[in-house]
Amino acid sequence: MFGPYYRADPPDVIDKVVKSGELWGRPPRNFNASDFPKAKAYLGPLPKGVVGFEFETEIAPDAGGVPDKPTWSHAKKKRPGVVVEGDYAKIKVKVRKVQLS
């Protein structure tokens with residue numbers, strides 16, 4: 001398993017990830033903008049006081065990315081475990097912790 005990773009998201013997004021076991025992402029628009037959809041996260045455990053969730057996954061992050069901001073995509077070649085549907089890339093995750101306040 002790879003992780004821990006975390007995302008800071010509102011409760012409705014957290015609920016969708018917990019129920020589906022999937023992390024979805026669209027193409028990055030700001031930092032490292034791209035045309036390719038990418039599931040995105042931060043490296044490390046979920047910080048105290050941050051509304052979000054902590055997870056692990058069996059899928060290694062993309063090689064050559066920003067070390068503390070892992071992504072999962074098909075940007076350079078198709079990768080097992082990364083599914084692209086329309087504008088979204090998705091990976092299976094195991095949520096380890098949820099913080100709603």
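Predicted, not measured: the structure shown is a model, and the values here were computed from it.
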Legend entry - Thr57 (side chain) donor-acceptor with Lys92 (main chain) under 3.5 angstrom: yes
Inset, instruction - Flag yes if Leu23 and Val84 sit in one hydrophobic cluster, no otherwise; membership is Ile, Leu, Val, Met, Phe, Trp, Tyr, and two members link when side-chain heavy atoms are under 4.5 Å apart. - result: no
Inset, instruction - Can you measure from CZ (Phe2) to CG (Leu43) and round to the nearest 0.5 angstrom? - result: 12.5 Å
Legend entry - Heavy-atom pair with the smallest gap, counting every atom of Pro37 and Ser73: O-CB, 3.4 Å
Legend entry - Neighbour count >12 (heavy atoms, 6.0 Å) for atom NZ, Lys16: no
Legend entry - Glu58 atom CD, neighbour heavy-atom count above 12 within 6.0 Å: no
Legend entry - Main-chain N/O of Lys40 paired to Arg7 side chain as donor or acceptor, under 3.5 Å: yes
Residues 47-55 side chain polar contacts: donor-acceptor under 3.5 Å, at least two apart:
unit_1	atom_1	unit_2	atom_2	d
Glu54	OE1	Leu46	N	2.9
Glu54	OE2	Arg96	NE	3.3
Glu54	OE2	Arg96	NH2	3.3

Inset, instruction - Find the distance between CD1 (Ile91) and CZ (Arg79) and round it off to the nearest 0.5 Å. - result: 8.5 Å
Legend entry - Backbone of Val82 reached by a side-chain donor or acceptor of His74 within 3.5 Å: yes
Legend entry - Flag side-chain contact, heavy atom, 4.5 Å: Asp35 against Pro27: no
Inset, instruction - Quick one: pull up CH2 in Trp24 and CG in Asp87 and give me the separation to the nearest 0.5 Å. - result: 11.0 Å
Inset, instruction - Kindly work out whether a path of hydrophobic side-chain contacts (I/L/V/M/F/W/Y, heavy atoms less than 4.5 Å apart) joins Tyr6 to Ile14. - result: no
Legend entry - Sub-6.0 Å ring centroid separation between Trp72 and Tyr5: yes
Legend entry - Within one Ile-Leu-Val-Met-Phe-Trp-Tyr cluster: Val18 and Val93, side-chain cutoff 4.5 Å: yes
